[in-house]
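Everything numeric in this text was worked out from a predicted model, so none of it was measured.
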Amino acid sequence: MFNVIVTGVGGQGNVLASQVLAAAAVEAGCRVSIGETFGASQRGGSVMSHVRISRDRTCGPLIPRGKARLVVGFEPLETLRVLMEYGSEDTVVIVNNRPNYPIGCLLGEDKYPDPQRIIEAVKKLVSTCHVLPATDLAMEAGSPMAANMVLTGALAGAGVLPVDGNYFRDTIEMLFSGEVKEINRRAFESGFKAVQKG
Amino acid sequence: MSAHAVALDQPGRRVVLTGNEAAARGAIEAGVSFAACYPGSPTSEVLPTLARLGARFNIYTEYSTNEKVAMEAATAASYAGLRSLTICKADGFNVALDFAAAVCLQGINAGMVIMVGDDPGSHSSVREEDSRLLARTANFPVLEPSTVQEAKDIVKAAFDLSEDLRQPVVVRCTTRICHASGDVTLGDIPMVKKEATFTRSQRFVSSVKFAPGMRDKIKRAAALAGDSPFNYYTGPENAQRLVIASGPSYTYSLEALAMLGLEDTAGVLKISTTWPLPEELIIKYLIPAREVVFAEEVDSFLEDGVMVLAAKNMDRIGQTKFYGKNSGHVAGPGGPFVGELDPDIVAGCLGKVFNTPYHPPAIPNAGEARDIIEHSLPGRELALCAGCPHRASFWAIKTAVELDGREAIVLGDIGCYTLGLYRTGYNLLQTVLCMGSGVGLACGLAKLDRFNFRQPVISVVGDSTFFHAAPQALMNARYNQADILCVILDNETTAMTGHQPHPGRGVSASGEAVGRVEIESLLGGMGIPVTVHDPYDIEGSIEVICSLLRQKGPRALVLRRSCALVAVKGKKKNRVYVDQDRCIGDSCGCARFCSGVFACPANIWDSERGRARIDEAVCNGCGVCATLCPGKAIVVERTV
């Protein structure tokens with residue numbers, strides 16, 4: 001059983017990332033279960049997709065505390081938040097270094113911790129942490145919104161899951177068309193490469 | 001994820017579907033002909049999935065103006081011999097209950113299923129409600145899936161059950177089924193010849209003379225439940241420790257027992273036919289059991305049903321202790337009747353009852369990690385999207401109310417604009433209860449002048465909510481001459497549930513162009529004067545609101561601007577940036593207006609430079625902040 005949590009803020013495209021992962025895993029012959037919410041949570045709230053991949057059984061939609069094998073964070077604060085609850089020292093973390101500020105921080109009523117320190121804290125908790133400038137890589141690929149595919153590429157390239165990168169490539173091929181497909185393809189490959197370097 | 005997978009005519013193939021897509025596929029496998037709904041999370045995605053496939057499988061789909069109309073339309077199709085589906089959330093079932101309580105007596109003709117989404121944890125609702133109680137009030141049998149696969153299989157089986165009984169059947173799903181995804185093994189798609197007939201000799205009326213027949217149907221449903229393949233037991237034989245679970249709590253219970261190492265001593269009885277109950281099946285497992293725990297979400301519905309059954313059969317089941325919401329043993333952090341369950345909560349509850357304490361694993365070094373960031377982790381309150389026209393509208397209303405100076409009361413209701421309760425909407429709204437309730441409440445407040453209440457009253461209502469629930473209250477305002485200003489926040493879509501069209505859009509569920517119901521004409525017909533304005537013109541909107549506040553009688557203002565997410569879809573966005581020479585940072589005296597006061601999430605503060613900045617990954621290019629910046633430091637490069 002491989003438990004993956006994709007976390008970020010509503011509107012960042014994490015639901016799509018978890019769906020691409022699930023479709024690729026099924027193509028690779030695995031059984032999957034995803035627990036997520038959308039609706040109100042899309043509006044600037046914390047969002048979290050629980051993706052559970054198994055060779056042989058269907059499981060419930062939610063991952064128990066401390067049992068995430070891989071955490072993919074679309075922004076630093078949410079990554080640390082999820083890790084505190086669902087992580088263990090063996091959790092592999094992939095994190096976008098670009099913060100997304102909660103409204104309380106913009107209003108000056110709360111303080112967003114220094115992003116560098118958040119990354120340091122993550123590294124204190126787990127032994128493997130890949131930090132990626134996913135939003136910047138996405139912009140290079142053609143759109144800041146493609147950060148989700150950069151991170152999907154990193155997830156595929158990290159070599160933790162029993163799903164070969166080509167299943168992801170086929171899924172992207174199938175799901176998208178036109179310019180969006182081109183941008184997503186470039187974004188995926190840049191994430192795939194970046195995680196192997198870092 | 002795709003209508004493509006839902007439509008595959010490949011029985012036996014495994015595909016990934018969401019619970020909502022699986023339900024749609026189940027309806028297709030049952031040969032559904034007619035589907036109607038008013039969208040509500042968590043079930044909003046069922047109808048659009050069917051609408052995309054309507055041409056291929058000969059299914060009529062519609063967005064109805066509200067859930068009662070949707071249920072009536074679906075019932076008509078059933079009367080005419082066509083299998084029909086209506087979909088809603090628990091709150092929507094309330095709206096339809098008047099009709100449901102009437103239609104149940106005589107029943108229906110072809111199979112009719114009501115798929116209801118309950119939202120434990122209120123992820124996308126203002127509260128939690130258990131639709132099983134409503135279904136029982138309406139005498140509709142209830143089925144509950146525990147997995148995505150079952151969402152498909154149970155919807156299909158519900159059509160057969162409904163047709164057998166000639167009674168509508170409720171499929172109760174929770175958010176963790178609707179919005180979950182999993183691999184689903186597809187079944188056959190039947191080739192049915194669909195023909196509607198309704199002859200002069202047929203009659204369907206609500207009359208007490210049908211009550212005995214209806215009771216017989218429920219008895220038959222209970223007998224059929226005893227053979228349902230969706231009720232089953234997992235665990236050792238003659239278990240003395242028994243968990244009775246429904247919905248996703250079944251998978252949580254299995255996982256919890258495994259985490260506690262109790263899978264060999266305790267069993268789980270999964271019940272999908274939660275009303276009426278399969279009595280003999282449950283008694284069979286109660287007889288050896290000494291400790292019984294109930295795992296279900298929202299109300300203690302299954303628990304209460306089993307307790308009544310146990311009381312009636314005390315002589316057979318003997319000494320058994322029951323633990324659930326009523327005893328307080330099955331409870332999340334908010335208590336037994338608040339919030340959803342998960343594997344850890346269930347493990348904690350079962351651990352307590354079965355004397356095997358559960359300690360969720362804690363990550364080492366958490367304290368050190370907290371020390372490194374030097375702060376607690378700030379929460380993330382919901383916020384209107386960047387460029388949301390509601391933010392501009394709320395700013396205009398807030399400013400106008402301040403300028404007016406008479407302490408106007410502002411009432412709201414359900415939609416994205418519910419966020420007007422929070423900081424993102426300047427805490428403007430004073431009531432949020434149910435669809436359209438702000439307008440009705442406004443009518444009442446506005447009639448209190450003889451009791452010395454003279455503050456102006458404003459109700460805000462979104463466009464989709466307007467069509468769903470506001471006309472009755474507005475007619476009331478006109479009839480009873482209530483001095484209210486109704487502000488219609490018209491973003492030209494049903495935004496919160498995923499941008500479904502509505503009567504004002506000029507497009508049907510299946511994408512056909514249809515005549516628009518114009519809000520202005522509708523209000524005009526009621527004799528309520530209407531003003532229309534663009535909320536992005538904030539200065540102009542403030543002036544209009546100030547002037548309307550000084551007028552008498554019921555009046556309406558439509559603040560019309562497309563939802564920012566719809567406006568930018570597939571288009572190149574305007575580039576908005578802060579001119580770093582013009583922004584003078586904190587020496588401006590504006591209190592960081594763009595990020596810290598207007599608070600659009602795209603307006604951020606660059607603490608290294610001490611200047612405002614636009615987050616290009618978040619900005620939708622509306623440019624409203626540029627019109628408000630006191631230093632005129634924000635530049636909009638328009639793409640068109």
Side-chain angles (χ1 to χ4, degrees), chain A residues 9 11 19 22-23 26 31-41 43-46 58-67 77-78 80-81 83-84 87-89 98 100-114 117-118 120-122 124-125 135 138-139 144-145 147 175, chain B residues 1-2 14-16 41-42 44 123-124 147-149 175-176 179-183 248 251-252 254-255 259 342-344 347 360-366 368-370 372-375 377-385 416 419 423-424 496-497 592 595-596 599 601 603-605 616-618:
Chain A
V9 178
Q19 296 278 4
V26 167
R31 314 206 74 145
V32 295
S33 163
I34 313 177
E36 59 201 341
T37 57
F38 30 95
S41 53
R43 314 290 178 231
S46 307
T58 306
C59 38
L62 296 176
I63 297 169
R65 307 277 185 272
K67 300 268 170 63
L77 176 66
E78 295 311 314
L80 182 58
R81 199 195 306 279
L83 210 53
M84 293 280 203
S88 71
E89 348 172 40
R98 164 87 72 120
N100 179 304
Y101 299 98
I103 183 160
C105 299
L106 292 176
L107 292 170
E109 290 165 20
D110 301 323
K111 166 101 178 115
Y112 192 101
D114 175 1
R117 283 177 179 259
I118 298 182
E120 252 181 73
V122 168
K124 183 87 200 164
L125 295 172
T135 308
M139 282 192 277
M145 280 311 293
L175 281 182
Chain B
M1 181 162 53
S2 68
R14 260 183 341 110
V15 294
V16 180
S41 292
S44 325
H123 294 282
S124 45
T147 62
V148 175
Q149 175 77 49
T175 304
R176 294 298 181 190
H179 286 177
S181 303
D183 44 282
T251 55
Y252 305 156
L254 288 183
E255 190 150 4
M259 292 195 294
D342 66 25
D344 294 283
I363 192 163
N365 298 332
E368 287 91 328
R370 280 206 183 83
I372 292 173
I373 61 166
E374 293 175 334
H375 296 278
L377 274 65
R380 208 173 273 280
E381 188 171 296
L382 294 183
L384 297 163
C385 306
C416 289
L419 301 190
R423 292 183 286 190
T424 190
M496 185 59 112
T497 50
R592 303 183 185 177
S595 63
N603 293 99
I604 57 176
W605 186 256
E616 63 279 78
V618 176

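Note that CG of A:L106 and OG1 of B:T424 are 9.5 Å apart. Values are rounded to the nearest 0.5 Å. Of the inter-residue distances, the one linking A:L107 atom CG with B:R423 atom CZ reads 6.0 Å to the nearest 0.5 angstrom. The line from CG of A:L80 to CG of B:L377 is 4.5 Å long, rounded to the nearest 0.5 Å. For the atom pair CZ (B:R176) and OG (A:S33), the distance works out to 10.5 Å, reported to the nearest 0.5 Å. Separation of atoms CD1 (B:I363) and CG (A:L83) is listed at 4.5 Å; rounding is to 0.5 Å. Atoms CD1 and CG, on A:I63 and B:D342 in that order, are 11.5 Å from each other to the nearest 0.5 Å.
Residues B:D183 and A:V32 come closest through the heavy atom pair OD1-N, 2.7 Å. Residues B:S181 and A:E36 come closest through the heavy atom pair OG-OE2, 4.4 Å. When all heavy atoms are compared, the tightest approach of B:V16 to A:A22 is CG2-O, 4.0 Å. Taking all atoms of both residues into account, the shortest heavy-atom contact from B:I372 to A:R117 is O-NH1, 3.0 Å. Of all heavy-atom pairs between B:R380 and A:Y101, the closest is NH1-C, 3.8 Å. For the residue pair A:G66 and B:P361, the shortest heavy atom distance occurs at CA-CG, 4.1 Å.
Between chain A and the residues B:P248, B:A347, B:A617, the largest count of heavy-atom pairs under 4.5 Å involves B:A617. In terms of heavy-atom pairs under 4.5 Å with chain A, the best-connected choice from B:E374, B:E368, B:R592, B:M259 is B:E374. Taking B:A362, B:P360, B:S595, B:G182 one by one and counting their heavy-atom pairs under 4.5 Å with chain A, the maximum is reached by B:S595. For the set A:D110, A:T135, A:L77, the count of heavy-atom pairs under 4.5 angstrom toward chain B peaks at A:L77. Each of A:G108, A:P64, A:C59 has some count of heavy-atom pairs under 4.5 Å with chain B, and the biggest count is that of A:P64. Chain A forms more heavy-atom pairs under 4.5 Å with one residue of B:P601, B:C416, B:P378 than with any other, namely B:P378. Ranking A:R81, A:E89, A:M139, A:R98 against chain B, the residue ahead of the rest is A:R81, based on heavy-atom pairs under 4.5 Å.
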Step by step, work out the side-chain contact (heavy atoms from CB on, under 4.5 Å) result for B:V618 and A:N100. CA-CA 9 Å; B:V618 176; A:N100 179 304; 4.0 Å; yes

Evaluate side-chain contact (heavy atoms from CB on, under 4.5 Å) for A:V26 paired with B:V15, printing each intermediate quantity in order. CA-CA 7 Å; A:V26 167; B:V15 294; over 6 Å; no

Using the side-chain contact (heavy atoms from CB on, under 4.5 Å) rule, take B:R370 and A:M84 through it: C-alpha gap first, then chi angles, then the decisive distance, then the call. CA-CA 10 Å; B:R370 280 206 183 83; A:M84 293 280 203; 3.7 Å; yes

Worked verdict on B:E255 versus A:K67 for side-chain contact (heavy atoms from CB on, under 4.5 Å): CA-CA 12 Å; B:E255 190 150 4; A:K67 300 268 170 63; over 6 Å; no

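Residue contact with chain A, scored on non-hydrogen atoms closer than 4.5 Å, involves the backbone and the side chain of B:E381 alike. For A:M145, the part sitting under 4.5 Å from any heavy atom of chain B is the side chain, from C-beta outward, and nothing else. With a 4.5 angstrom heavy-atom cutoff, A:S88 touches chain B only via backbone atoms. There is no contact between B:T147 and chain A, counting heavy-atom distances below 4.5 Å.
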